[in-house]
Amino acid sequence: MINKVVANAEVAVQDITDNCTLMLGGFGLSGIPENSIAALLKLGVKGLTCISNNAGVDDFGIGLMLKTKQVKKMISSYVGENAEFERQLLSGELAVDLIPQGSLAERIRAGGAGIPGFFTPAGVGTEVAEGKETREFNGKMYLLESWLRADFSLVKAWKGDTAGNLIFKGTARNFNPMMAAAGVVTIAEVEELVPAGALDPNHIHTPGIYVQRIFQGVNYEKRIEQRTVSS
Amino acid sequence: MSLDKIGIAKRIAQEIRTGWYINLGIGIPTLVANYIPDDIDVVLQSENGLLGIGPFPKEEHVDPDLINAGKQTVTMLDGSSLFSSAESFGMIRGGHVDLTILGAMEVSEQGDIANWKIPGKMVKGMGGAMDLVASADNIIVAMQHVSRSGDSKLLSECTLPITGLNCVKKVVTNLAVLEIVPAGGFKLLETAPGVSVADIQAATAGKLIIEGEIPEMQLT
């Protein structure tokens, strides 16, 4: 079996250069590639275009890369939890492309699956549809959306094996599987890295073919945005 | 006496039928889950990849890998399932979700909804709202009848950027239950306790359709 293991996050991201397009998995702060983000901060690359459902919070996740002004453009569906993001957007330092969440997920899926475009009803009649082709199917209007792909995809899984097979946990799966397939180079960090053969093939969510590099993550904070409990 | 948020949630809960898969938006819609009668079996969908949202966890069971679309920690139920965001919106777009309940800033008498952007102020993004309203057959809006500045939120046409066209079926506000009729207009179905038809007329800028005696909501 091909061995995809690299030593750590620093080694995994070392060839990411200025002005790359990155995909980063996660919904809110759940399932984000914490170690790869930390390594990018250390690497100091700039001018990045980041495709991620959210933009982190001020002091965690992609918010850390906004603070260091490494991000030129965000492609997201919801960015409402981040004051520094708002400041940079209003001052013109940062560009943002807001995309309906389902269209974002499907555009990424399409990128990985080799489908350059697809029709969706989301956004018909809204500013999202401006400049896009529309077409009627069975009496309903749809608009043409195109695929998204990235130079590097940074994903986070619960378990992974040396062959790059991944298993996600809970709602930390979210955008990670589609992004794994849509990156030219996909870097997976996992909470538990095991030898090939240790994971049941029936349980694999992302097959190793999509993963070029995998490493054992460390020191996961897994911050919670809205801790809500019942008494 | 207009309804509070809990009153709106309780009234919307009466719309729910057994066997439905339901997506609840953030805010008042989330509260609806607390008032679904025990004998009604439904499954709640969270667009970040969970079918079968359970109650908030006890402190010792909080799991950062298990959140709802509002980023709140939740639990799963017997029979819950997990999936990716692409799968999640596949089931939304594919029409497999029976009811979507969401908040709004404006609704038009054609059933258009605006709830994602106020130009010149912070733009947070539409999240999953555009996908949900473009795909669901049954959409109920939960909102206040008038804005904080006193303007009606039920209009002949939306003034804010649109989230979706011709999609809202019903609106439940602090004053009334209204149905959007195909020809255009808000048909008054019920008044909130102690609220007069005249109060509702005064608070509705769009076309209000009043036919016969309007019953008062029955809330327990």
Side-chain angles (χ1 to χ4, degrees), chain A residues 27-31 53-55 76-81 83 85-86 89-90 96 98-106 108-110 120-128 140-142 158 168-178 205-206 220-231, chain B residues 30 46-50 53-76 80 82-93 112 114 116-117 119 121-135 161-167:
Chain A
F27 180 95
L29 299 178
S30 187
N53 188 56
N54 311 95
S76 304
S77 88
Y78 189 81
V79 292
E81 332 281 0
F85 184 99
E86 178 177 2
L89 186 63
L90 295 174
V96 64
L98 292 168
I99 297 175
Q101 194 174 146
S103 298
L104 180 63
E106 191 65 13
I108 296 165
R109 197 194 73 80
T120 176
V124 169
T126 77
E127 59 187 62
V128 167
K140 183 170 171 173
M141 291 306 292
Y142 295 79
W158 179 40
F168 304 95
K169 177 167 162 274
T171 53
R173 190 183 320 182
N174 54 65
F175 283 81
N176 282 297
M178 298 85 75
H205 294 130
T206 290
Y220 282 105
E221 177 177 341
K222 292 196 175 189
R223 192 183 295 186
I224 293 171
E225 274 181 82
Q226 307 283 342
R227 177 181 288 267
T228 45
V229 296
S230 62
S231 45
Chain B
T30 303
S46 193
E47 62 259 33
N48 57 320
L50 169 62
I53 307 173
F56 294 133
K58 303 245 186 250
E59 183 66 47
E60 63 270 26
H61 294 133
V62 165
D63 180 355
D65 293 328
L66 204 58
I67 60 172
N68 65 17
K71 285 107 179 176
Q72 296 171 306
T73 45
V74 293
T75 56
M76 292 193 281
S80 288
L82 296 158
F83 36 86
S84 72
S85 300
E87 176 92 44
S88 180
F89 283 93
M91 65 182 71
I92 289 166
R93 219 183 287 106
D112 302 344
W116 76 281
K117 181 179 183 180
K121 297 193 180 177
M122 177 56 191
V123 180
K124 292 173 186 289
M126 65 291 282
M130 284 191 184
D131 310 272
L132 282 159
V133 300
S135 308
I162 293 288
T163 308
L165 297 173
N166 304 315
C167 54

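Values below: every heavy atom of this structure, side chains too, minus hydrogens, waters and symmetry copies. Letters A, B, ... mirror the listed sequences (proteins, then strands); counts begin at 1.
Neither the backbone nor the side chain of B:Asn166 comes within contact range of chain A; no heavy atom of the residue lies under 4.5 Å from a heavy atom of that chain. For B:Ile92, no part sits under 4.5 Å from any heavy atom of chain A, backbone or side chain. Of the two parts of A:Arg109, only the side chain, counted from C-beta on, holds a non-hydrogen atom closer than 4.5 Å to a non-hydrogen atom of chain B. Neither the backbone nor the side chain of A:Val96 comes within contact range of chain B, judged by heavy atoms closer than 4.5 Å. Residue B:Pro57 touches chain A through both its backbone and its side chain, counting heavy-atom pairs closer than 4.5 Å. If you measure heavy-atom distances from A:Asn53 to chain B, you find no contacts under 4.5 Å at all. B:Glu87 does not touch chain A: none of its heavy atoms, backbone or side chain, sits under 4.5 Å away. A:Leu104 does not touch chain B: none of its heavy atoms, backbone or side chain, sits under 4.5 Å away.
When each of A:Ala105, A:Ser76, A:Gly31 is checked for heavy-atom pairs under 4.5 Å with chain B, A:Ala105 comes out on top. The greatest number of non-hydrogen atom pairs below 4.5 Å with chain B, out of A:Gly28, A:Ser30, A:Ser231, A:Pro100, is found for A:Pro100. The most heavy-atom pairs under 4.5 Å with chain B, out of A:Lys169, A:His205, A:Glu106, come from A:Lys169. If you tally non-hydrogen atom pairs under 4.5 Å between each of B:Ala129, B:Ala69, B:Ala114 and chain A, the highest count goes to B:Ala69.
Rounding to the nearest 0.5 angstrom, the gap separating the CG atom in B:Asp63 from the NZ atom in A:Lys222 is 6.5 Å. A distance of 6.5 Å separates OG1 in A:Thr228 from CG in B:Asn68, rounded to the nearest 0.5 Å. If you take NZ on B:Lys117 and CG on A:Leu98, they are separated by 8.0 Å, rounding to the nearest 0.5 Å. In this structure, A:Phe175 CZ and B:Ser88 OG are separated by 9.0 Å, a value rounded to the nearest 0.5 Å. The distance from atom OG1 of A:Thr120 to atom CZ of B:Phe89, rounded to the nearest 0.5 Å, is 10.5 Å. For the atom pair B:Met76 CE and A:Thr171 OG1, the distance stands at 8.5 Å (nearest 0.5 Å).
Screening B:Lys58, B:Gln72, B:His61, B:Glu59 for a side-chain contact (heavy atoms from CB on, under 4.5 Å) involving A:Val229 leaves a single residue, B:Glu59.
Residues B:Leu165 and A:Met141 fail the side-chain proximity criterion, which asks for heavy atoms closer than 4.5 Å. B:Thr163 is not listed as a side-chain neighbour of A:Thr126, based on a closest heavy-atom distance of 4.5 Å or more. B:Asp131 is listed as a side-chain neighbour of A:Gln101, based on a closest heavy-atom distance under 4.5 Å.
No donor-acceptor distance shorter than 3.5 angstrom exists from the side chain of A:Asn174 to the backbone of B:Gly49, with no hydrogens or angles considered.
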**OP:** Mind running side-chain contact (heavy atoms from CB on, under 4.5 Å) on B:Ile67 and A:Glu225 for me, showing each step along the way?
**Re:** CA-CA 9 Å; B:Ile67 60 172; A:Glu225 274 181 82; 5.9 Å; no
Original post:
Hey, mind stepping through B:Trp116 and A:Glu127 against side-chain contact (heavy atoms from CB on, under 4.5 Å) and telling me if it holds?
Top reply: CA-CA 11 Å; B:Trp116 76 281; A:Glu127 59 187 62; 3.6 Å; yes
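Of all non-hydrogen atoms in A:Arg173 and B:Phe83, the two that sit nearest each other are NH1-CA, 3.6 Å. When all heavy atoms are compared, the tightest approach of A:Lys140 to B:Ala134 is NZ-O, 2.7 Å. Nearest approach of B:Leu66 to A:Gly170, heavy atoms of both residues: CD1-CA, 4.1 Å.
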